Amino acid sequence: ADITMEKKSLIILQSDLNNYKEITGRILSIISSQATSIGRFEIIDRNLVTEILGEQKFQSYGMVNDENIIEIGNMASADEALILRIIDFNQKGVPKEEDEDEDEGNDKNSTLFSWLVKTVVTEAIEQIKEPDSLELENNIHTEFRGSVKIVNLESGKSNKSFDLNASHTGGNRAQSLSKVLNEISRQTRVRLKRLYMITSEIIEVKGAYVSILSGENLGLREGAMFEVSSKNTIKTYKGRTISLPGKTRGLLRITQVGPDASQARVVRKWRPIRQG
């Protein structure tokens, strides 16, 4: 029952009304793009989501609350929903930091008197100096903080979530934002993979090679790694049924990927690896 046999159907939405509409659309696109490229998900088309929201007169721009999320998910025939919440987003120009190495080098050869004069003059200049507007516009600090909650659309419960946080200082607004979005994209890919790991099964063993019950249908690619472990052991203790985790047996690296099965090479082995 725990084996991953098919892709998970996802609907991607935003919760809560806020003033971040422009960046919201870009973050939602990043999440959708990464979830699609991983190959483990069927993403509900955004046009269908917009149509559902419009017909049901839910909150605009794909924003939902806990009361209507299950209803929306059922209409879209999704298994789970990824709910994006933007906590903070801002861009502002900041003064560039001055290089202190040169000043420190000069100070070593300065007399106490010249150092005092230099310090007083420098402080006086800094008090009247205004940051150049052009300098600020070419040294933009961009900061983004958000979170993604995963909701099971059958139960309406959420037991998984992850944060998306990134910042960058430098360049104009577009360049600074681009750096932040690239980092958000990387974080999204890593976190989605961790949240939805593939569980497969060994269907054949031939020496140092094995075949597993997963392939292109779940987005597998050559070079992907799998941990091999025994099945969990079910025991009864003090009238309760408990599940003990199986023992680690080895590591596999995928060498060939088929439509729904793959071949892998055993790269590490601590215990015998068997079919099943």
Side-chain angles (χ1 to χ4, degrees), residues 1-16 24-86 146-164 181 184-201 203 212-222 224-227 254 257-262:
D2 294 333
I3 296 176
T4 309
M5 297 298 294
E6 57 187 19
K7 295 182 179 181
K8 189 179 293 291
S9 178
L10 287 181
I11 184 171
I12 302 173
L13 302 165
Q14 180 202 354
S15 69
D16 305 327
T24 294
R26 301 184 74 165
I27 300 297
L28 289 175
S29 295
I30 286 174
I31 296 174
S32 178
S33 175
Q34 287 295 355
T36 301
S37 67
I38 290 173
R40 305 177 190 180
F41 314 99
E42 292 286 354
I43 307 301
I44 304 301
D45 186 80
R46 291 286 299 167
N47 293 327
L48 175 60
V49 175
T50 302
E51 183 179 337
I52 292 174
L53 294 171
E55 289 180 357
Q56 301 303 315
K57 297 181 180 179
F58 289 131
Q59 298 176 27
S60 63
Y61 206 75
M63 302 176 194
V64 297
N65 54 45
D66 293 339
E67 287 72 26
N68 56 39
I69 180 61
I70 295 180
E71 185 178 354
I72 294 173
N74 290 335
M75 292 177 183
S77 300
D79 299 322
E80 293 186 338
L82 266 63
I83 314 298
L84 169 67
R85 177 171 175 258
I86 296 182
S147 64
V148 176
K149 179 173 67 173
I150 295 86
V151 178
N152 183 298
L153 294 175
E154 184 176 349
S155 64
K157 295 181 179 180
S158 172
N159 55 8
K160 299 177 182 177
S161 65
F162 59 85
D163 295 328
L164 295 173
L181 293 179
I184 292 297
S185 180
R186 186 196 66 79
Q187 290 180 18
T188 299
R189 186 176 187 87
V190 171
R191 284 157 175 72
L192 285 177
K193 280 189 172 183
R194 289 176 181 171
L195 286 172
Y196 297 99
M197 290 190 289
I198 297 174
T199 304
S200 189
E201 184 172 305
I203 57 179
I212 68 171
L213 191 63
S214 303
E216 292 178 351
N217 59 326
L218 294 174
L220 280 193
R221 298 174 184 173
E222 291 184 14
M225 300 290 293
F226 274 83
E227 177 189 13
I254 302 297
V257 181
D260 50 16
S262 300

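Along the sequence shown, residues carry numbers from 1. Here the structure is a predicted model, which means the values were calculated and not measured.
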### Message
Return the OG to CD1 distance between Ser214 and Ile3, rounded to the nearest 0.5 Å.
### Response
8.0 Å

### Task
Please check if the side chain of Ser262 supplies one atom and the backbone of Ile212 the other of a donor-acceptor pair under 3.5 Å.
no

### Query
Which heavy atom in Ile12 sits nearest to a heavy atom in Leu28, and how many Å separate them?
CG2-CD2, 3.7 Å

Under 3.5 Å, which donor-acceptor pairs link side chains of residues 35-44 to any protein atom two or more places apart or in another chain?
| from | atom 1 | to | atom 2 | distance (Å) |
| --- | --- | --- | --- | --- |
| Thr36 | OG1 | Ser32 | O | 2.8 |
| Ser37 | OG | Ser33 | O | 3.4 |
| Ser37 | OG | Gln34 | O | 3.0 |
| Ser37 | OG | Gln34 | OE1 | 3.4 |
| Ser37 | OG | Arg189 | NH1 | 2.7 |
| Arg40 | NH1 | Lys193 | O | 3.4 |
| Arg40 | NH1 | Tyr196 | O | 2.7 |

### Query
Can you tell me how far CG of Asn152 sits from OG of Ser158, rounded to the nearest 0.5 angstrom?
9.5 Å

### Task
Inspect the surroundings of CD in Glu6 and state if more than 12 heavy atoms from other residues, nucleotides or ligands are less than 6.0 Å away.
no

#### Entry: Met225 atom CE, over 12 foreign heavy atoms within 6.0 Å
yes

## Note on the structure
Value for CZ (Arg221) from CD (Glu216), rounded to nearest 0.5 Å, stands at 10.5 Å

### Task
Output, in order, the C-alpha distance, side-chain angles, deciding distance and verdict of side chain to side chain contact (heavy atoms under 4.5 Å, CB included) for Val190 and Arg194.
CA-CA 6 Å; Val190 171; Arg194 289 176 181 171; 3.6 Å; yes

### Task
Give a yes or no answer on whether the side chain of Thr199 reaches the backbone of Thr4 with a donor-acceptor pair at less than 3.5 Å.
no

#### Entry: From NZ (Lys7) to CG (Leu218), nearest 0.5 Å
7.5 Å

### Spacing of Arg191 atom CZ and Ile150 atom CD1 [to the nearest 0.5 Å]
11.0 Å

### Test item: Glu80 and Lys8 side chains (from C-beta on) under 4.5 Å apart, heavy atoms
yes

### Query
Just how far is it from atom CG of Leu82 to atom NZ of Lys160, taken to the nearest 0.5 Å?
10.0 Å

### Message
Taking side-chain hydrogen bond (donor to acceptor under 3.5 Å, both in side chains) as the definition, give me every residue that meets it alongside Ser9, ordered by chain and number, with sequence neighbours left out.
### Response
none

#### Entry: Contacts of Phe162 that satisfy ring-ring contact (aromatic ring centres under 6.0 Å, His included) - sequence neighbours left out
none

### Message
Can a donor-acceptor pair be found, under 3.5 Å and without considering hydrogens, that links the side chain of Ser29 to the backbone of Gly25?
### Response
yes

### Heavy-atom closest contact (Val257 atom, Gly215 atom, distance)
CG1-C, 3.9 Å

### Query
Looking at Ile27, Asp163, Ile31, Thr188, which one forms a side chain to side chain contact (heavy atoms under 4.5 Å, CB included) with Val148?
Ile31

